[in-house]
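As structure tokens, the structure follows; a few thoughts come after it.
Note that this is a predicted model, so its numbers are computed, not measured. Just so you know, ligand 1 is whichever comes first in the structure, and atom 1 is the first atom listed for that ligand. What's counted below: heavy atoms across the whole structure, side chains too, no hydrogens, waters or symmetry copies.
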Amino acid sequence: MIILGIETTCDETGLALIEFKNKKFRILNHKLRSQYLVHAPYGGIVPILTAREHRKNLPILYRDLIHEINFDEKKIDYLAFAIGPGLPPALLAGKDFVFRLAIKLKKKIIPVNHLIAHFYSVLIKKDYFSLWQELRKIDFPALGLLISGGHTILVYFESLEKYKKIGETIDDAIGESLDKSARILNLEYPGGPKLEKLAKKGKPIFNLPYPLMLTNNFNFSFSGLKTAFWELVEDIKRYNKLDESTKADLAASYQKTAFEILLIKTKKAYEKFKPQSIIISGGVASNQFLRNLFKKYFSNQKIIFPQKSLATDNGIKIAFCGYFFLEKALEARNLDINSNLKI
Ligand code: AMP
Ligand code: MG
């Protein structure tokens, strides 16, 4: 069986062809185009520009995806499409493309929840791999932490099919908070990876607040942390020049605080739900400092991260996740987006 996966929930246009044969999985080809250069001058994502870019890039990437491997598109069995959550203009651009292609190929569309696809991504390997072997990596019940540009969510997984959300951010997402604090340090969008690089040269010498730590739930808050960081940077600028070494110390301090907030809440959930393994997914999961922090604390527990190159949004995880929801496949005319889709 061959599934074409399509991701257009935010600022990444992703397409992937995945083959599933005898319980083995193979990525036949995939294409990913990030729009960060388009949004960088604005310091964040401009929703309407995402749609323009997706509309422009989807046909080009699809043509390359097929032609590069001399693939006959008639061999596609299903189209898997991330219907949400995401930016409405971006999702609509993707929907138009998927709708037309599904009509042309006379194939059904599997609607995929982008958030669930993030969790399933920890099972994906870049080469030929056995699903059975990969599934053994996760012991249930499992605790899932999704940390991405738009989401910060804790999920309790009784099994891969049965899950419930137990906590989430009440304001900014962790990736968004890293991007905004990076911007305060004049780093380019997307700031997460640049903040990580800069933080390596600094020491976490500045104290920042740990919001919502005393509440009896598993929710997060990052907007107050960002404001405190902004005030700290403004204070420093008032009396000193913001030199490179101070900037590195600030980056290290922000990163440490933000990730410790994630760790403290995850610990709390771990103690209550006593899971057998922990799954951490989303773009921020590519951060090595975060990986080390969690691995150190949960050193005796099974903790699973996605391959770094697969952590951020892409079409591979949408195609892969689609395989588990084949029974949801629908005719193109019934396809709809859901920008507020929940877990
Ligand atoms: P996603 O929404 O899953 O595509 O992830 C995008 C988010 O991940 C953005 O907010 C990025 O800044 C963030 N991100 C990507 N790589 C890193 C990294 N190495 N460290 C911290 N954040 C990162
Ligand atoms: Mg993204």
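Residue H118 approaches ligand 1 through these ligand atoms, each under 4.0 Å from one of its heavy atoms: 3 (O). Heavy-atom proximity to T312, at under 4.0 Å, picks out these atoms of ligand 1: 3 (O), 4 (O), 5 (O). Each of the following atoms of ligand 1 lies closer than 4.0 Å to a heavy atom of L178: 21 (C), 22 (N). Of all atoms in ligand 1, listed by their number and element, those nearer than 4.0 Å to a heavy atom of E196 are 18 (C), 19 (N), 20 (N).
Under 3.5 Å, the side chains of D172 and S177 contain no donor-acceptor pair of N or O atoms.
The N/O atoms of G175, backbone and side chain alike, include one that comes under 3.5 Å of an N/O atom in ligand 1. Taking distance alone, with nitrogen or oxygen atoms compared against 3.5 Å, G192 approaches ligand 1 more closely than that limit.
Using a 4.0 Å cutoff on heavy atoms, H151 does not count as a contact of ligand 1.
When heavy-atom distances to ligand 1 are checked against a 4.0 Å cut-off, D179 comes that close only through its side chain, counted from C-beta outward. Using a 4.0 Å cut-off between heavy atoms, L195 makes no contact with ligand 1 at all.
Under the 4.5 Å side-chain heavy-atom criterion for Ile, Leu, Val, Met, Phe, Trp and Tyr, Y254 and L263 are members of the same hydrophobic cluster.
Proximity of the aromatic rings of Y270 and F298 is defined here by a centroid distance below 6.0 angstrom, and this criterion is met. Close placement of the F25 and F320 rings is indicated, their centers lying within 6.0 Å of each other.
The option with the heavy atom closest to atom 14 (N) of ligand 1, from among G283, C10, G86, is G283. Atom 6 (C) of ligand 1 has its nearest heavy-atom neighbour, among G149, A258, G150, in G149.
Within the 4.5 Å cutoff, no side-chain heavy atoms of Y78 are placed close to those of I2.
With respect to K125, the side-chain hydrogen bond (donor to acceptor under 3.5 Å, both in side chains) criterion is satisfied by exactly one of Q307, E134, Q133: E134. Screening Q35, R52, K31, R33 for a side-chain hydrogen bond (donor to acceptor under 3.5 Å, both in side chains) with N57, the sole residue that qualifies is R33.
The two residues N287 and F289 have their closest heavy-atom pair at OD1-N, 2.9 Å.
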